[in-house]
Amino acid sequence: MNLPVSPRARLGLAAVAAAVLLGALAGSGAYTFSYAEGLSYLSTDPKACVNCHVMREQYDGWQKASHHAHATCNDCHVPQDALGKYMTKAAHGWRHSKAFTLNDFAEPIRILPEDLDIVHDNCVRCHAGLVSELAPPQHAGVPGERVACTRCHGSVAHGPPR
Amino acid sequence: WSNVSTRKDEARRDVLRLAPIDETTTDPKEWGKSFPREYDGYIRTVDVERTKYGGSENIQKLDDDPKLRAMFDGYAFAIDYREERGHAYMLSDQRETERVTKKKQPGACLQCHASNLVAYREAGIAAGAPGKLTDGLTSKDGMAQLMTGFEKLCALSYDEATKKVQHPVSCLDCHDPESMAVRVTRPAFLNGIRALAKSEDSVPHFPSIERWRKGARSSEYDPNKDASRQEMRSMVCGQCHVEYYFKGEGKVVTYPWDDGLKVEQIEKYYDDAGWTDWKHAQSGASALKAQHPEFELWSQGIHARSGVSCADCHMPYKREGALKFSDHQVNSPLLHVARSCETCHPYSDAEVLSRVETIQARTKKMLDAAETATVDLITAIKKAKDAGATDAQLEKPRALQRQAQWRADFVAAENSMGFHAPQEAARILAEAVDLARQGQIAVLEAGVKK
Amino acid sequence: WSNVSTRKDEARRDVLRLAPIDETTTDPKEWGKSFPREYDGYIRTVDVERTKYGGSENIQKLDDDPKLRAMFDGYAFAIDYREERGHAYMLSDQRETERVTKKKQPGACLQCHASNLVAYREAGIAAGAPGKLTDGLTSKDGMAQLMTGFEKLCALSYDEATKKVQHPVSCLDCHDPESMAVRVTRPAFLNGIRALAKSEDSVPHFPSIERWRKGARSSEYDPNKDASRQEMRSMVCGQCHVEYYFKGEGKVVTYPWDDGLKVEQIEKYYDDAGWTDWKHAQSGASALKAQHPEFELWSQGIHARSGVSCADCHMPYKREGALKFSDHQVNSPLLHVARSCETCHPYSDAEVLSRVETIQARTKKMLDAAETATVDLITAIKKAKDAGATDAQLEKPRALQRQAQWRADFVAAENSMGFHAPQEAARILAEAVDLARQGQIAVLEAGVKK
Ligand SMILES: [Ca+2]
Ligand SMILES: [Ca+2]
């Protein structure tokens, strides 16, 4: 997967701009971002994510699940091309800080469709060999064209629910 | 940001015991001082909210579904039979139902409608049981007090017995005051689950029972010792949400589980015991009344088998800041599917509700058919009787009525409209309809002249 | 680590087309040269292995369950009716069944038992359809050839038609030879799914239909364009594993989906069309025969609703070396629950099998009851007829037989013993038993003298 700047990355770019702008305008936002260890988004240490206790369940699940030894949060949740990577991190960082501060998000938290796309691409990236016959789009151009890995392997990352 | 720092604080806070509690503390307010979140939910069981087939409005079921009046003719349930509501009401609803005010009932009724541990134990001590009231309930003496007092109170009249209690089910009934661990305290349940363990019914949802069966069996199965925490999260509800009868002169609350938890195993128990709840006023059949077999039906379902407990759905975790606790506002999960269901089923609220509705609507349709067939049979027997049919001619139809009605009622009296075990509920109703229609055929074949 | 690098090599290898394939390549061997793993599985559908309620041994169902002989009396299914087996046998089994050798059948039968695309298209071209055989099947011309030829071949006699085909369902029937994408090619399915899209039946398991319904509807719903890949993984099977009838003089294979996929919606379709499969030899009822409604029953189940496709369970992924591919040995998932079920349900083989057995055993018990009741009704009507009952007196019982038998047979003819939608299968059987017993009551109430 070495796409040029994808539509997703462009979205990320907009979000980064928004984050910087709003961050500068609203001091409290900046405070949240650092106090809640928002900058740790830029690290690959999974502990960075549990700085928010709402991530605790996923973190605990990951520690026990099969991919603990193979992949950290960012291996799955962030696109691996250099640009997409920081775009996504910034966008997530901003969105999560905002949600956490305002406490206005719905629980259980659930992955967004566009973020599941990122994860899917990462599954395929690591397992390209194995799934080369299954993963290429066979029916291109129609929404929902992949057979999502997580439909069958939903628990490899965070274990079974509860 | 104040939000963030408050929550970091919360995450670090341990439980402070702000008021002493022990085996004598029946008043939930005292417990609430140390556990305010649980207490808040607990008292909110006064809330009244309806769902399509459940919820907490105590509407008269007999008006809602007039077939029930015909089915229960001659029995107290044909007088007053309501949709049940939150735990907060259990004691007052029992005191006020016309089944109690218009008919004589025993103290046995109290086993499931009150915080009665202290009352039982006091009666036990008065009757000579060893030890004192502050002994741990599950200690040998505590248990002796409980079991003795329980039998004493069952035998009293309801009016006498109910004076000895003040609160609906309370913290003490479900929790060890020292460790706060969940415990089971209902004598009939302790007896019943022991009998179930000894039976041959398969119980894949209770690994501790399967383990006990394979073991030496040197002591009886005891949930407070043997069951896992996850199992306890269902057994604590299975103490009351079960079919029961009052055994013998002493009116001892008894769970008919010697052969197992399935509808025909319970029927066999009653048949073997020669038990009949009442003689049907129209048909003269020896009928049975089913009562809230939630625990039994759930036991046949895929959720039980997958280790999903009553508390998982009816007391889902709730988050306040960094703290997670069990929602003690026990009610219909359909009022909060996000917390109750979506941790396991990651769909939208609308999708989850629609899945439940599909299951419940199918059940409702079959239930209507089964009740209709039962009422048709009752009418047929009555007509034949009026036309001069003999008891011998009516023996088979009446036996079929008993069987059919038992099954239809089992699903009707269960409170999830089939959700707790959809295919099993459907199977039971298919049998009900078959038996009831066979009963009509038997009446016609008896060939009574009109 | 040498292992790792070998695998990395293999991983990078693209599929090599070792032999040319196009729209005229019916022989699977040619495809097998490029796709050996899929081909290996495909040819292994000759394997014969039994499961408790399914599997691949072509035992005589009529001996296994003699009630079926009574139910189908007067129809070809009372002569020879076997457990179905692997795809490899579909053409020879059809040619050899006594339903074909002892009764006259039309070419329509072939739609689901052979690799027939080329035969259809050739017949279409001969009848004047535009274009040539190598045009893409889903091109305008390709489709015109297909639909014209399909109608031609349906109308032929079976003996004539079957000469035009050589292979059971083959790669070409399910795959686009260029992209290898799965496609649907059965004319009756293309017509049927269009009708379903226009109906009001709710189809939460086919989001593309729900999308089409909300859209402009400027063109008809076309699965090859509109359906997602995941939907196609079920539709490709729904081409054949469905209830059907032969419409009109032309014997056009038709799927009765105008009102929806549920048992009573299909019944309504047949009632409205005045359709009857045969007059029952014993009772004289206008009866219906249900045939393999796997797609319809699956549609009512929780797996369909959760996006689980036929291929997920019946063609699970298989790993060989460093490659994963779809197992083309289509058979009972119970022969490989580890791959078929356990990626989603992480339990032991024994536990998964036991869950299925619980569901199937419940269904089997209800099915027996429904069939028994149906046969009881047939016997009752016959007796009454023999005793001189008039057609007027038997009208209601016969109508009830049609309804009851349709339902019992719907579940019996479906091949998962209820697994594809346990509660729905149970609901259907509960209705069957109710209707059949009501039929007996109607006979008795008609009061024919013996
Ligand atoms: Ca209620
Ligand atoms: Ca088979």
Side-chain angles (χ1 to χ4, degrees), chain B residues 202 204 262 264 300-302 305-307 345-347 350-352 354-355 358-370 372-373 376-377 380 400 404 407 411 418-419 421-447 450, chain C residues 202 204 262 264 300-302 305-307 345-347 350-352 354-355 357-370 372-373 376-377 380 404 407 411 418-419 421-447 450:
Chain B
S202 84
K262 301 193 187 74
E264 55 273 336
Q300 309 312 320
I302 196 77
R305 186 141 194 174
S306 306
H345 305 287
Y347 312 110
E351 171 62 16
V352 170
S354 158
R355 289 179 180 207
T358 304
I359 290 169
Q360 292 186 320
R362 284 199 194 111
T363 309
K364 178 73 168 96
K365 212 178 150 203
M366 282 181 274
L367 178 58
D368 277 341
T372 300
D376 285 354
L377 171 56
L400 285 162
R407 285 168 176 72
V411 177
F419 176 82
Q423 193 206 12
E424 173 71 357
R427 179 187 76 87
I428 294 171
L429 293 172
E431 286 189 15
V433 102
D434 195 7
L435 293 161
R437 296 295 183 203
Q438 286 187 39
Q440 285 178 272
I441 292 168
V443 172
L444 286 164
E445 282 177 343
K450 287 169 202 175
Chain C
S202 84
K262 300 192 187 79
E264 55 273 334
Q300 309 312 320
I302 197 77
R305 186 142 196 175
S306 305
H345 305 288
Y347 312 108
E351 171 62 16
V352 170
S354 157
R355 289 179 181 207
E357 166 61 13
T358 304
I359 290 170
Q360 293 186 320
R362 283 196 195 114
T363 308
K364 180 71 168 93
K365 210 175 154 206
M366 282 182 274
L367 178 58
D368 277 341
T372 301
D376 285 354
L377 171 56
R407 284 167 176 74
V411 177
F419 176 82
Q423 193 206 13
E424 173 71 357
R427 178 187 76 87
I428 294 171
L429 293 173
E431 286 190 17
V433 103
D434 195 6
L435 293 161
R437 296 294 183 203
Q438 286 187 39
Q440 285 178 271
I441 293 167
V443 172
L444 287 164
E445 282 177 345
K450 290 173 196 169

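In what follows, chains carry the letters A, B, and so on, assigned in the order in which the sequence lines appear, proteins first and then strands, with residues in each chain numbered from 1.
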- Sub-4.5 Å side-chain heavy-atom contact between R362(B) and Q300(C):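 Yes; the side chains approach each other to less than 4.5 Å.
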- Query: Going by heavy atoms in the side chains, are V433(C) and R437(B) under 4.5 Å from each other?
  - Reply: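 No, too far: nothing below the 4.5 Å cut-off.
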- Roughly how far, to the nearest 0.5 Å, is the CD1 atom of I359(C) from the CD atom of E424(B)?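 Rounded to the nearest 0.5 Å, the CD-CD1 separation comes to 11.5 Å.
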- Message: What's the separation between atom CD1 in I302(B) and atom CZ in R355(C), rounded to the nearest 0.5 Å?
- Response: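 It is 4.5 Å, given to the nearest 0.5 Å.
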- Query: Between Q440(B), E431(B), E351(B), which has the largest tally of heavy atom pairs under 4.5 Å with chain C?
  - Reply: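 Ranked by contacts with chain C, first place is E351(B).
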- Message: Heavy-atom pairs under 4.5 Å with chain B - which of P422(C), S202(C), G418(C), A426(C) has more of them than the others?
- Response: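 Highest number of heavy-atom pairs under 4.5 Å: P422(C).
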- Item | Given V443(B), D376(B), I441(B), the one that forms side chain to side chain contact (heavy atoms under 4.5 Å, CB included) with I441(C) |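 With I441(C) as partner, V443(B), D376(B), I441(B) yield a single side chain to side chain contact (heavy atoms under 4.5 Å, CB included), made by I441(B).
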- Are side-chain N/O atoms of T363(C) and Q423(B) paired as donor and acceptor at under 3.5 Å?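 Per modelled atom types, T363(C) and Q423(B) side chains form a pair under 3.5 Å.
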- Query: In terms of side-chain heavy atoms, does R305(B) have a donor or acceptor partner in S354(C) at a distance below 3.5 Å?
  - Reply: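 Judged by distance alone, the side chains do pair up.
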- Query: Considering only heavy atoms, which portion of S306(C) lies under 4.5 Å from any heavy atom of chain B: side chain, backbone, both, or neither?
  - Reply: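 Both the backbone and the side chain of S306(C) come within 4.5 Å of chain B.
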